[in-house]
Amino acid sequence: MFWEKEIETIDKKELEKYQIQKLNETLNNCKKAPFYKKVFEKLNIEKINSFEDIKRLPFTTKQDLRDNFPYGFLTIGLEDVVRLHSSSGTTGNPTVVFHTKKDLEEWTNLIARCMYMVGVRKNDVFQNMMGYGLFTGGIGFHYGAEKLGALIIPIGPGNSKRQIWFMKEFKTTVIHILPSYALRLYTFFEEMGIDPKKDLNLKIAFIGAEPHSEQIRRKIEELYNIKAYNSYGLSEMNGPGVAFECPYQNGMHIWEDNYYVEIINPETGEVLPDGEEGELVLTTLKRTAMPLIRYRTRDLTRIIPGECKCGRTHRRIDRIKGRSDDMLIINGVNIFPIQIEKTIMRIPEVGNNYIIEIKKENYMDKLYVKVELNEKTFNGTLTEIENLQKKLTEELKTELGISPVVKFVEASSFPETEGKAVRVYDLREKE
Ligand code: AMP
Ligand code: ZN
């Protein structure tokens with residue numbers, strides 16, 4: 001059950017001591033980076049004695065990373081840096097993170113810990129359908145699985161029929177896949193006449209890298225007859241392996257021996273108590289090449305109060321609600337796309353995909369929700385479809401507080417993407 005029992009079940013007091021020690025090491029180390037050197041010259045903070053002291057440290061933002069591109073956060077010479085990864089941003093300088101050999105070992109160990117936690121062992125066949133390269137999802141899991149000794153199929157995303165062929169021929173037991181792709185991939189099984197429940201050996205999926213609702217997870221579990229575990233990470237904090245679900249699937253254990261965790265009010269910066277929702281802020285505790293202090297992830301979540309039945313003492317974060325910048329304001333009402341997804345996925349007749357469009361019409365915002373229907377429903381009677389449309393509109397209205405226009409389209413109508421799903425099109429400025 002445990003990859004590293006002592007550290008995974010570490011006593012709270014011990015963990016606190018360990019974190020304070022690591023925070024001081026990180027503080028000393030980060031002052032070697034040009035960016036932090038300047039920051040700390042003004043601040044005059046020599047030592048951290050308690051978690052209260054941390055509140056005096058400034059936040060680091062994505063903009064700081066961009067402004068100090070490419071080497072402003074590096075604490076060491078390039079001779080000791082062995083790899084860089086970069087985030088999926090599409091505008092401006094990308095954010096780049098550098099690693100030493102030791103940094104990569106620590107990251108690998110975390111992924112191995114996550115995979116082992118839910119039962120991956122050396123006799124498993126692991127098909128890694130996440131992108132390899134600058135994106136951290138593919139390579140991160142690859143090294144973790146290799147450490148566990150599983151057989152890895154480093155196939156990357158896309159080419160769905162070939163994915164299914166590999167799954168069948170090599171008796172794949174574990175997959176790592178974007179949740180949006182897991183749903184799309186399923187449509188190819190039907191076409192190929194293969195039943196993933198009966199004809200394959202799948203037992204576990206790791207799904208992550210993009211927001212998804214509990215309903216989507218359950219759907220993936222049902223379609224494939226597997227357990228799907230939520231995996232959270234971001235390139236600035238290595239990538240995957242930051243927080244991960246245990247077999248109880250009740251929040252993601254965030255690895256507090258590697259990250260110091262805070263939840264803040266995104267407006268005021270105030271640190272919030274466990275249980276309250278806010279922005280996740282992380283400090284790296286072990287990274288050497290590029291430590292980050294109080295990094296504002298922009299991801300919204302909360303610490304789930306109480307202990308987990310599995311015995312791990314690292315606290316759990318809730319499913320990510322979205323990024324603070326994902327929030328849509330439609331005619332003055334605040335809406336997160338995940339609320340729309342939750343509502344759609346509660347209705348069994350709908351298909352696996354949807355998009356959201358916001359337009360300006362007669363000076364008012366108009367929300368369009370376009371939803372794929374499964375084949376059977378799409379070919380149903382007009383009355384059936386009209387009733388379904390009414391039902392979904394009503395349920396969305398109850399959830400959101402505003403009335404959307406629901407449109408149905410045929411399955412597989414939306415363009416395919418290999419990376420994270422793009423589902424929100426805000427067309428207001430363009431009109
Ligand atoms: P990147 O650094 O490009 O890999 O993107 C990281 C971002 O993807 C995070 O900051 C989150 O916004 C999102 N993300 C990653 N994993 C999850 C997850 N399990 N659930 C929701 N969002 C996620
Ligand atoms: Zn647990």
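Start at 1 with the first residue, then count along the sequence. Values below: every heavy atom of this structure, side chains too, minus hydrogens, waters and symmetry copies. For clarity, every value in this text was computed on a predicted model and none was experimentally measured. Note that ligands are numbered from 1 as they come in the structure, with each ligand's atoms numbered from 1 the same way.
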Legend entry - Lys171 atom NZ: more than 12 heavy-atom contacts under 6.0 Å: no
Inset, instruction - Would you indicate which of Ser231, Ser324, Pro211, Gly239 comes nearest to atom 21 (C) of ligand 1 when only heavy atoms are counted? - result: Pro211
Inset, instruction - List every atom of ligand 1 that sits less than 4.0 Å from any heavy atom of Lys420, numbering the atoms from 1 in the order shown and giving each element. - result: 1 (P), 3 (O), 4 (O), 5 (O), 6 (C), 7 (C), 8 (O)
Legend entry - For Gly208, atoms of ligand 1 separated by under 4.0 Å from a heavy atom: 19 (N)
Legend entry - Enclosure of Tyr71 OH (heavy-atom neighbours >12, cutoff 6.0 Å): no
Inset, instruction - For residues Thr301 and Met252, determine if any side-chain heavy atom of one lies less than 4.5 Å from a side-chain heavy atom of the other. - result: no
Inset, instruction - Check whether any side-chain N or O of Gln339 sits under 3.5 Å from a backbone N or O of Leu396 as a donor-acceptor pair, and report yes or no. - result: no
Inset, instruction - Could you list the atoms of ligand 1 found under 4.0 angstrom from a heavy atom of Gly233? - result: 6 (C), 9 (C), 15 (C), 16 (N)
Legend entry - Exam field: side chain Asp318 to backbone Arg302, donor-acceptor pair closer than 3.5 Å: no
Inset, instruction - Count the heavy atoms belonging to other residues, nucleotides or ligands that lie under 6.0 Å from NZ of Lys147, then report whether that count exceeds 12. - result: yes
Inset, instruction - For ligand 1, note which part of Ser235 has a heavy atom under 4.0 Å away: side chain, backbone, both or neither. - result: both
Inset, instruction - Heavy-atom contacts with Phe135 under 4.0 Å: which atoms of ligand 1 show up? List them by number with element. - result: 4 (O)
Legend entry - Cys310 SG and Cys308 SG subtending at the Zn ion (ligand 2) (10° steps): 110°
Inset, instruction - Say whether, by atom type as modelled, one donor and one acceptor occur between the side chain of Asp365 and the main chain of Asn331 under 3.5 angstrom. - result: yes
Legend entry - Geometric N/O contact Arg323 with ligand 1, under 3.5 angstrom: yes
Legend entry - For atom 11 (C) of ligand 1, the option (of Thr301, Thr136, Asp299) bearing the nearest heavy atom: Asp299
Inset, instruction - Angle at the Zn ion (ligand 2): provide the value between SG of Cys246 and NE2 of His253, rounding to 10 degrees. - result: 110°
Inset, instruction - Examine the proximity of ligand 1 to Ile320 and report which part, side chain or backbone, both or neither, has a heavy atom under 4.0 Å away. - result: side chain
Inset, instruction - Mind checking whether Asn230 contacts ligand 1 via backbone (N, CA, C, O), side chain (CB onward), both or neither, at a 4.0 Å heavy-atom cut-off? - result: side chain
Legend entry - Neighbour count above 12 (heavy atom, 6.0 Å) for Phe166 CZ: yes
